[in-house]
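Here's the structure we're looking at; comments come further down.
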Amino acid sequence: MGVNLKDLIPEEAKMVIEDLRMLRGRIVVIDGYNALYQFLTAIRQPDGTPLMDSQGRITSHLSGLFYRTINILENGIKPAYVFDGKPPEIKAREIEKRRKIREDASKKYEEALRRGDVEAARRYAMMSAKLTDEMVHDAKKLLDAMGIPWIQAVAEGEAQAAYIVGKGDAWASASQDYDSLLFGSPRLIRNLTISGRRKLPRKNVYIEIKPEIIELKKLLEKLGITREQLIYVALLIGTDYNPDGVKGIGPKKALQLVKAYKTLDKILKAIPKTEFPVEPEKIVEYFLNPPVTTDYKLEWKEPDESKIREILVEEHDFNPERVKNAVERLVKAYREHIRSKQMGLEAWFS
DNA sequence: CACACTTA
DNA sequence: TAAGTGTGG
């Protein structure tokens with residue numbers, strides 16, 4: 001589930017976005033896997049059943065991707081999605097851990113359904129949700145039809161996003177996870193792909209969720225550490241490459257330790273008999289120099305209405321009226337915020 | 001999560 | 001205009 005830096009981010013390093021239009025004209029690289037997974041888990045009936053077409057194929061991820069992307073475009077934000085490639089070898093333990101969680105949740109889901117506990121069923125359905133290759137494939141196809149660029153990462157999407165933002169080809173990365181900060185993304189937007197109101201788990205209370213920007217430079221300044229040291233902190237708390245972290249060390253102690261001992265060598269000496277599934281040096285190296293591709297281009301194109309209709313209405317039984325309305329909004333947003341601004345003089349005279 | 005519609 | 005409800009696929 002990524003690195004949990006939540007309790008370490010000082011208020012001063014965060015900037016709450018009151019209105020998405022504040023990001024007008026900015027290019028944002030969205031972690032596609034993270035976004036799709038969120039839609040897949042969130043867009044469900046009360047008992048946990050996802051949206052499905054007449055052939056029983058799940059469509060929750062497509063619904064979320066479609067409408068949310070249009071929303072983002074209407075606010076003048078230029079989205080690009082990045083998708084994970086082959087997970088690195090050092091992630092094996094985390095992947096196995098997730099598989100186990102899904103498996104257990106799947107059993108509990110069936111049980112909950114049997115005893116008629118709708119709320120529990122929903123929770124376990126969310127936990128057992130798996131994003132398949134087919135779902136990702138469908139999502140890419142839909143993005144193509146919408147004219148939205150997507151990038152295939154070599155390995156970690158968050159690493160690729162960080163690279164693109166670092167190079168200045170985009171303004172920020174967007175994900176619920178903090179990993180892109182460790183990979184060096186200068187700016188991370190959280191809560192971009194979730195709506196304004198969200199139900200607190202297990203409570204019948206709704207809270208306002210607003211997008212927020214975390215600036216890496218400010219974060220490091222406020223914490224008084226370097227990016228390398230932030231990676232050490234993550235290592236102590238737990239990352240995808242050592243999911244259990246170090247026993248007995250939470251965010252607070254981790255930061256203390258890193259500030260006290262400063263170098264990885266000394267930090268490791270301060271926590272003797274700690275075992276790591278992967279050598280810590282190797283994990284640090286991966287965050288500092290992950291495999292990325294330089295072969296990408298960010299280009300927005302005119303949406304192709306008939307292709308969109310083909311995918312959503314014909315293949316997946318979306319309501320034609322709803323899709324038509326949404327495409328109208330999409331085309332309008334494209335013309336207002338994207339085409340006009342990326343047209344050079346050349347296009348004007350042709 | 002988001003749309004479409006209702007309610008006040 | 002804001003918030004509540006039912007439903008989407």
Side-chain angles (χ1 to χ4, degrees), chain A residues 1 17-21 28 30-75 77 79 81 113 118-119 121-132 134-139 141-143 145-146 148 174-177 189-212 303 305 307-333:
Chain A
M1 292 307 294
I17 306 167
E18 295 295 335
D19 189 329
L20 272 189
R21 283 175 296 188
V28 174
I30 302 171
D31 179 352
Y33 183 94
N34 190 267
L36 292 184
Y37 188 76
Q38 273 190 90
F39 299 138
L40 177 64
T41 53
I43 304 180
R44 278 162 194 269
Q45 291 172 356
D47 71 349
T49 312
L51 301 187
M52 288 181 289
D53 63 23
S54 56
Q55 304 198 40
R57 293 173 300 197
I58 293 178
T59 54
S60 297
H61 60 302
L62 294 178
S63 178
L65 180 67
F66 182 55
Y67 293 115
R68 190 62 201 171
T69 302
I70 293 173
N71 224 290
I72 287 169
L73 285 160
E74 283 181 315
N75 283 283
I77 301 167
Y81 286 84
L113 270 188
V118 174
E119 267 183 55
R122 187 173 213 278
R123 277 203 310 278
Y124 291 126
M126 288 169 74
M127 285 170 69
S128 57
K130 163 113 172 88
L131 197 60
T132 66
E134 191 188 358
M135 291 181 198
V136 174
H137 177 82
D138 279 352
K141 241 174 56 178
L142 179 59
L143 289 172
M146 294 174 76
I148 307 296
S175 175
Q176 290 310 95
D177 292 343
I189 303 176
R190 299 190 70 244
N191 304 338
L192 183 68
T193 50
I194 60 177
S195 76
R197 269 167 45 114
R198 188 190 236 193
K199 193 173 172 292
L200 241 48
R202 290 163 174 278
K203 287 181 209 148
N204 226 350
V205 185
Y206 286 85
I207 48 159
E208 273 281 316
I209 303 263
K210 286 177 186 162
E212 61 188 27
E305 170 154 21
K307 258 194 207 153
I308 293 172
R309 204 176 44 227
E310 204 177 291
I311 297 168
L312 294 180
V313 179
E314 276 142 51
E315 279 180 46
H316 293 296
D317 307 314
F318 277 57
N319 181 311
E321 197 86 7
R322 276 194 178 199
V323 170
K324 190 169 172 289
N325 282 336
V327 169
E328 241 163 64
R329 287 167 47 206
L330 170 62
V331 171
K332 185 160 175 271

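Computed from a predicted structure; not experimentally measured. Each chain gets a letter, A, B and so on, in the order the sequences are listed, and its residues count up from 1.
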* To do: Show your reasoning for whether salt bridge (Lys or Arg N to Asp or Glu O under 4.0 Å) applies to A/Glu315 and A/Arg309.
  => CA-CA 9 Å; A/Glu315 279 180 46; A/Arg309 204 176 44 227; over 6 Å; no
* Could I get the full list of side-chain contact (heavy atoms from CB on, under 4.5 Å) partners for A/Asp177, not counting sequence neighbours? => A/Asn34, A/Glu158, A/Ser175, A/Asp179
* Nearest-Å distance for atom pair CD/P, residues A/Glu328 and B/dA4 -> 11 Å
* Minimum heavy-atom separation for A/Ser60 to A/Pro50, with atom names? -> OG-CB, 3.5 Å
* Length of the CG-C1' vector between A/Asp47 and C/dG9, whole Å -> 14 Å
* Rounded interatomic separation in angstrom, taking CE from A/Met126 and P from B/dC1 -> 8 Å
* What residues in residues 314-326 of chain A put a non-hydrogen atom under 4.0 Å from any atom of DNA chain B? -> A/Arg322, A/Asn325
* To the nearest 0.5 Å, how far apart are CZ in A/Arg68 and CG in A/Leu192? -> 6.0 Å
* To do: Would you mind listing every salt bridge (charged side-chain N to carboxylate O under 4.0 Å, His left out) that reaches into residues 30-40 of chain A, with sequence neighbours excluded?
  => none
* How many Å lie between CG on A/Asn71 and C1' on B/dA4, as a whole number? -> 15 Å
* Can you list every pair that meets salt bridge (charged side-chain N to carboxylate O under 4.0 Å, His left out) and has a residue in residues 44-64 of chain A, with sequence neighbours left out? -> A/Asp53-A/Arg57
* Structure fact -> In whole angstroms, the gap separating P of C/dG9 from CG of A/Asp138 amounts to 16 Å
* When the distance from CG of A/Asn34 to C1' of B/dC1 is rounded to whole Å, what number comes out? -> 14 Å
* To do: Could you pull out all residues at least two apart from A/Glu18 that satisfy salt bridge (Lys or Arg N to Asp or Glu O under 4.0 Å)?
  => A/Lys210
* To do: Assign A/Arg44 to base, sugar-phosphate, or nothing according to its heavy-atom contacts below 4.0 angstrom with the strands shown.
  => base
* Protein-nucleotide distance (A/Phe66, atom CZ; B/dA2, atom C1'), rounded to Å -> 12 Å
* For DNA chain C, determine which residues of residues 48-55 of chain A have any heavy atom closer than 4.0 angstrom to one of its atoms, and list them numerically. => A/Pro50, A/Leu51, A/Met52
* Please confirm whether the backbone N or O of A/Leu62 pairs with a side-chain atom of A/Thr59, one donor and one acceptor, at under 3.5 Å? => no
* To do: Check the surroundings of atom CZ in A/Arg329: do more than 12 heavy atoms from other residues, nucleotides or ligands lie under 6.0 Å from it?
  => yes
* **Spacing between A/Tyr67 atom OH and C/dG9 atom C1', to the nearest angstrom** => 10 Å
